[in-house]
There are 4 protein chains.
Amino acid sequence: MSTSQESGMGDMGSDAVVAKEASGGLSTPPTPKGRDARRRLLEAGEQLFGEQGYAGTRVSDITEAANLSPGAFYRYFKDRHELLLVLLTEMLDRAFDFARARWDDNHPTESVQRTTERYLEFYDLNRAMMGVMVEMAQNDEEVRSVWRQSRTAFYTRIGRALTRGVTSGAIRSDIDVEVAAELLGSMTEFYAFQRYALDGDALKDVPPVEVATTLAELWTRGVASK
Amino acid sequence: MSTSQESGMGDMGSDAVVAKEASGGLSTPPTPKGRDARRRLLEAGEQLFGEQGYAGTRVSDITEAANLSPGAFYRYFKDRHELLLVLLTEMLDRAFDFARARWDDNHPTESVQRTTERYLEFYDLNRAMMGVMVEMAQNDEEVRSVWRQSRTAFYTRIGRALTRGVTSGAIRSDIDVEVAAELLGSMTEFYAFQRYALDGDALKDVPPVEVATTLAELWTRGVASK
Amino acid sequence: MSTSQESGMGDMGSDAVVAKEASGGLSTPPTPKGRDARRRLLEAGEQLFGEQGYAGTRVSDITEAANLSPGAFYRYFKDRHELLLVLLTEMLDRAFDFARARWDDNHPTESVQRTTERYLEFYDLNRAMMGVMVEMAQNDEEVRSVWRQSRTAFYTRIGRALTRGVTSGAIRSDIDVEVAAELLGSMTEFYAFQRYALDGDALKDVPPVEVATTLAELWTRGVASK
Amino acid sequence: MSTSQESGMGDMGSDAVVAKEASGGLSTPPTPKGRDARRRLLEAGEQLFGEQGYAGTRVSDITEAANLSPGAFYRYFKDRHELLLVLLTEMLDRAFDFARARWDDNHPTESVQRTTERYLEFYDLNRAMMGVMVEMAQNDEEVRSVWRQSRTAFYTRIGRALTRGVTSGAIRSDIDVEVAAELLGSMTEFYAFQRYALDGDALKDVPPVEVATTLAELWTRGVASK
DNA sequence: GATGAATGAGCATTCATTCAT
DNA sequence: CATGAATGAATGCTCATTCAT
């Protein structure tokens with residue numbers, strides 16, 4: 001019989017995406033003053049990239065918002081692009097951890113629902129940067145790469161849960177687990193993307209909880225009436 | 001009893017997205033020479049936007065590829081952005097028509113599978129422009145708008161099929177049809193997006209047909225074993 | 001017996017240094033207007049590089065002097081550096097032709113003197129750009145290269161004259177013709193350089209003609225009294 | 001009768017160029033630690049200016065190579081330019097001393113040869129900084145000045161030797177001693193410059209000794225066969 | 001219809017130098 | 001003595017767009 005366990009979806013967790021910031025600027029300034037400046041740049045970058053997109057944000061916008069001179073930026077980041085990568089990498093790492101929820105093999109529907117809620121919540125909170133990531137992925141191999149790694153980590157986690165479900169008999173054994181994991185993950189991710197990033201949540205009066213419920217239902221039982 | 005009918009998924013089709021090109025350039029040049037020039041610009045634009053993204057494609061790249069001088073561009077399009085919109089609009093219209101498949105209420109799984117296959121095929125063929133659309137949607141309300149209309153048309157079509165299924169008893173009546181339609185559509189769309197536009201199809205050895213099958217299965221029966 | 005002949009010093013002439021300007025901008029604009037603009041940029045560049053050095057001359061200085069907008073520059077030259085190369089190449093070609101003088105094997109001293117006078121005259125006229133060339137040669141391999149080719153052409157020409165002199169018995173046969181050619185050419189070149197480019201001619205009250213005479217004497221008879 | 005004497009070429013030597021470093025930084029720091037830091041900066045500067053040119057060398061490059069923080073530089077030198085001047089001045093002083101050789105009025109050819117060998121050797125050793133000096137002379141009056149003073153010292157030394165030679169009858173009295181001195185010095189200097197600084201010694205298989213011999217021959221006897 | 005010359009705003013980045021600690 | 005954070009002026013280059021021919 002299956003047991004309730006912590007993080008049934010796997011633990012590729014925190015190191016799924018490797019930090020990458022050594023190249024140009026100081027990732028860990030030696031003095032408190034420096035660390036503070038770096039932090040302010042990070043915050044300003046997230047804010048502005050989110051509001052105006054990557055292309056629409058000038059380095060000088062960022063330094064201004066961080067109360068620094070233009071030149072100071074380059075002490076901490078090689079260029080605008082490196083700042084973006086740091087921001088995205090950190091966000092994806094947080095997403096992976098955030099969406100991790102207690103998984104109960106005996107109640108897969110509820111488990112999916114819980115995870116989905118968490119995911120939607122995170123997406124809602126980070127919708128702006130998610131949009132930036134999508135924007136950039138098209139022409140930027142590095143962004144594509146960090147995103148791909150993150151998705152892979154998610155799909156792997158889902159795949160493990162499915163596999164365990166197949167073993168325990170809770171999940172049908174006639175489906176391609178890997179493909180199913182990608183499809184199910186895609187369903188959640190793109191729903192979130194279009195709801196929060198693309199449509200700006202404007203017309204959606206359906207509460208996320210209900211979406212999570214429906215999604216969990218579809219996940220586990222499909223649309224068939226029997 | 002249910003009947004087999006053309007386009008069970010709805011018919012918001014061709015006029016779902018309204019052509020929009022009257023503002024600046026001649027959408028239908030009077031002379032054959034002019035029509036040819038315009039066509040060449042359209043082709044060059046699709047080619048280059050797809051290869052290098054919108055931001056990475058200069059007007060002069062396009063006119064060069066179309067064997068025209070830079071100035072000539074503005075006889076046919078108000079600006080670079082209008083060309084993009086024309087291209088996207090036409091593509092989305094074609095997508096909607098292309099993915100339309102005979103729908104059999106008695107065999108929903110097969111119907112979904114057929115439609116999905118068509119959709120993936122279209123996406124594969126137009127992956128480059130799909131990527132451009134995603135890139136642009138982030139910061140461009142007009143692009144967001146044409147895309148949203150297109151998605152809405154799709155979801156509506158799916159929703160109608162679900163409603164008909166509920167009526168006929170083939171589909172569970174306890175789900176939110178609208179949300180379900182969005183989720184199911186999202187699953188397909190994002191899978192296609194990440195497979196073709198983001199990952200470049202590189203590592204995918206699973207044939208699209210199999211994906212369509214799995215997806216149709218999940219659609220109709222979910223993952224639950226019983 | 002030796003004969004008087006045209007250009008006894010050789011004829012590596014006009015193609016000693018190959019023009020190189022195809023890379024970035026239009027070396028030959030199709031319209032007269034364009035050709036005129038390019039010419040104005042060339043003239044302004046020569047003027048300003050000469051007056052303020054390469055490093056001290058901004059592209060905007062040049063376009064301003066040429067009555068053009070900053071952007072226009074790049075229609076005709078890839079960048080500031082290409083303009084410099086065009087200017088230097090053309091100047092060195094002219095120098096080689098300019099310094100060519102009728103050479104009389106029976107009167108080597110007079111021949112050297114004539115050539116030297118011409119050379120000094122040319123240097124005087126082009127002192128500014130000569131200085132720029134020297135400035136740039138230190139860190140710019142391309143400049144070094146065009147200069148080296150030009151010097152080589154000169155030394156070869158001198159070497160031929162010496163060889164012919166050896167054959168005719170007018171020149172000692174116990175010297176290394178090649179080394180001698182380099183040394184003799186160096187003497188002239190550096191004298192000109194320090195006189196015109198470095199010292200600005202300020203303190204020199206010795207007329208060039210006298211210098212040419214002395215140099216020709218040293219050339220042919222050295223300093224020994226008998 | 002002529003006598004063999006030390007440094008027949010004159011002794012404007014060591015003080016020909018006045019040290020100039022009082023303005024901004026400590027030319028002689030009080031503590032051993034400070035003296036060491038200053039020395040390291042000097043060494044790093046010579047190294048880097050030589051390798052990358054003046055324009056290509058940042059203050060931070062120098063301080064980094066010297067294991068100091070950027071700010072520390074300004075304790076020892078007013079600015080980057082002052083460091084250069086100190087370096088050049090010292091080098092030119094050393095050059096003047098180094099090239100000094102025993103002069104024998106009875107054997108002028110050998111004396112010239114010896115001096116030339118020494119000069120070429122020094123140039124070879126200091127080619128990098130020589131190149132920097134040439135680079136800078138174009139636009140920097142101070143550099144021009146220290147160089148001019150150094151050359152003048154050399155030419156004066158040569159001129160004295162010539163004058164003495166005229167007096168003793170070893171040298172023709174019909175030449176302009178001053179001009180001849182400049183020309184002869186130029187010949188050596190520019191040969192060295194183009195050989196070591198410009199062409200990088202790459203293609204030169206003629207050993208310096210042979211060059212010195214040929215040069216001494218040309219110097220004393222010219223190219224005329226009798 | 002087409003050309004190509006001209007525009008000029010826009011922006012990332014560098015680096016010598018200063019200064020608080 | 002030394003550090004390292006901060007400055008901010010300076011500038012080359014791009015490219016969408018206009019317009020005279």
Side-chain angles (χ1 to χ4, degrees), chain A residues 24 26 29-38 55 57-63 66-81, chain B residues 24 26 29-38 55 57-63 67-81, chain C residues 24 26 29-38 57-63 66-81, chain D residues 24 26 29-34 36-38 55 57-63 67-81:
Chain A
L26 280 54
T31 74
K33 196 180 179 198
R35 283 190 291 276
D36 189 56
R38 192 183 128 98
T57 304
R58 288 169 301 189
V59 171
S60 64
D61 291 338
I62 298 172
T63 54
N67 248 306
L68 284 170
S69 69
F73 182 91
Y74 299 89
R75 182 168 189 79
Y76 303 102
F77 303 97
K78 190 175 137 287
D79 52 22
R80 201 168 48 126
H81 190 253
Chain B
L26 285 49
T31 77
K33 194 181 177 192
R35 280 191 292 277
D36 189 55
R38 193 183 127 98
T57 302
R58 291 170 297 192
V59 171
S60 65
D61 291 338
I62 298 172
T63 53
N67 249 307
L68 285 170
S69 69
F73 183 90
Y74 297 86
R75 179 171 288 274
Y76 301 102
F77 302 96
K78 186 174 140 285
D79 52 25
R80 196 169 55 128
H81 190 251
Chain C
L26 280 55
T31 73
K33 196 181 179 197
R35 283 191 290 276
D36 188 55
R38 191 182 127 99
T57 303
R58 289 169 300 189
V59 171
S60 64
D61 292 337
I62 298 172
T63 52
N67 248 305
L68 284 170
S69 70
F73 183 91
Y74 299 90
R75 183 168 190 78
Y76 303 101
F77 303 97
K78 189 173 138 286
D79 53 22
R80 200 167 50 126
H81 190 251
Chain D
L26 284 51
T31 78
K33 195 182 178 192
D36 189 55
R38 192 183 128 99
T57 302
R58 291 171 297 191
V59 170
S60 66
D61 290 338
I62 298 172
T63 53
N67 251 307
L68 284 170
S69 70
F73 183 90
Y74 297 87
R75 180 171 287 277
Y76 302 102
F77 300 97
K78 186 173 139 285
D79 53 23
R80 194 168 57 126
H81 190 250

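Heavy-atom basis, side chains included; hydrogens, waters and symmetry copies ignored. By convention in this document, chain letters (A, B, ...) are assigned in the order of the sequence lines, proteins followed by strands, and residues within each chain are numbered from 1.
If you find the closest nucleotide of DNA chain E to C:P30 and to B:P32, the one lying nearer the 5' end belongs to B:P32.
To the nearest 0.5 angstrom, B:R38 atom CZ is 13.5 Å from B:R75 atom CZ.
The minimum heavy-atom distance between B:V59 and B:Y74, with the atom names listed, is CG2-OH, 3.8 Å. Taking each heavy atom of D:P29 and D:Y76 in turn, the nearest pair found is CG-CE2, 3.7 Å. Nearest heavy-atom pair, B:T63 versus B:F73, reported as atom, atom and distance to 0.1 Å: CG2-CB, 3.7 Å. For the pair C:A37 and C:L68, the tightest heavy-atom approach, listed with the atom from each and the gap, is CB-CD1, 4.0 Å.
In this structure, of E:dT7, E:dT3, F:dG8, it is F:dG8 that holds the atom nearest to the side chain of A:S69. Here the nucleotide nearest the side chain of A:Y76, chosen from F:dT3, E:dG4, F:dA6, is F:dA6.
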In 5'-to-3' order, the base (B), backbone-only (S) or no-contact (-) status of each nucleotide in nucleotides 14-21 of chain E, using a 4.0 angstrom heavy-atom cut-off, is BBSBBB--
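The separation between C:R75 atom CZ and F:dG12 atom P is 21 Å, rounded to whole Å. E:dG1 atom P lies 12 Å from atom CG of B:L68, rounded to whole Å.
For A:T31 and F:dG4, the shortest distance from a side-chain N or O to OP1 or OP2 is not below 4.0 Å.
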Dot-bracket for DNA chain E, please. Rules: Watson-Crick or G-U, both distances under 3.5 Å, ( ) within the strand, [ ] when a pair crosses earlier ones, | for another strand, . otherwise.
.||||||||||||||||||||
